Amino acid sequence: MSTVSATFEDALGRLPDGYVDGSFRGRPWGVTVKRSEDGKRVWLYGEALCGTEIVSFNLYRLTGSGAILKPCEMSSTKVVQFVLGFEPFFRARVDFQALIKE
């Protein structure tokens, strides 16, 4: 159990809810993020798409200030490095209605 930095929370906050493809250290990864409705818990599960490596954790926001990171069977360092280094691939949204009108 460890506390987390604002930099880590900012990087985690930029990840979208649900599934997203991306890269970490030049390798493709698939990541799923789920946030509780009250915003007090964030769950992340990521897996390398070309191997067997995974990253998984829960982040609990405490009443007042701060948060506690609970990695799932891995070090906090691995989790922090992953979240800070993961680069999502965001696909551009296509406006199909506009295409139909053309």
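The model shown is predicted, which means the values in this text are computed figures rather than measured ones.
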I'd like to know if Glu73 pairs up with Lys78 as an ion pair, taking the criterion as any Lys NZ or Arg NE/NH1/NH2 lying under 4.0 Å from an Asp or Glu carboxylate oxygen. no

Verify same cluster id: Tyr60, Phe57 (apolar side-chain graph, 4.5 Å): no

Minimal non-hydrogen separation, Val42 against Arg61, with atom names: CG2-NH1, 3.3 Å

Arg27 and Gly51: which non-hydrogen atoms are nearest, and at how many Å? NH2-CA, 4.2 Å

Go through the steps for Leu44 and Val79 under the test side-chain contact (heavy atoms from CB on, under 4.5 Å), then give the verdict. CA-CA 10 Å; Leu44 182 143; Val79 167; over 6 Å; no

Has the side chain of Ser23 got a donor or acceptor atom that lies under 3.5 Å from a matching backbone atom of Pro28? no

Minimum-distance pair of heavy atoms, taken over all atoms of Pro88 and Val20: CB-CG2, 3.8 Å

So ring-ring contact (aromatic ring centres under 6.0 Å, His included) across residues 61-87, not counting sequence neighbours, yields Phe24-Phe82, Trp29-Phe82, Phe82-Phe86

Do other residues, nucleotides or ligands put more than 12 heavy atoms under 6.0 Å from Lys34 NZ? no

Distance col, row Asp17:CG vs Arg35:CZ, nearest 0.5 angstrom, shows 4.5 Å

Please report the closest heavy-atom contact between Val83 and Leu12, naming both atoms and the distance. CG1-N, 3.7 Å

Minimum heavy-atom distance between Glu9 and Ala67, given as atom pair plus value: OE2-CB, 3.7 Å

Using the test side-chain hydrogen bond (donor to acceptor under 3.5 Å, both in side chains), find all partners of Tyr45 that sit at least two apart in sequence or belong to another chain. Glu47

Residues Leu84 and Ala11: closest non-hydrogen pair is CD2-CB, 3.9 Å

Rounding to 0.5 Å, atoms OH (Tyr19) and OG1 (Thr32) come to a distance of 7.0 Å

Decide whether Ile54 and Leu59 are clustered together by the hydrophobic rule: side chain heavy atoms of Ile, Leu, Val, Met, Phe, Trp, Tyr closer than 4.5 Å, transitively. yes

Would you call Val55 and Val31 a side-chain contact if the rule is heavy atoms closer than 4.5 Å? no

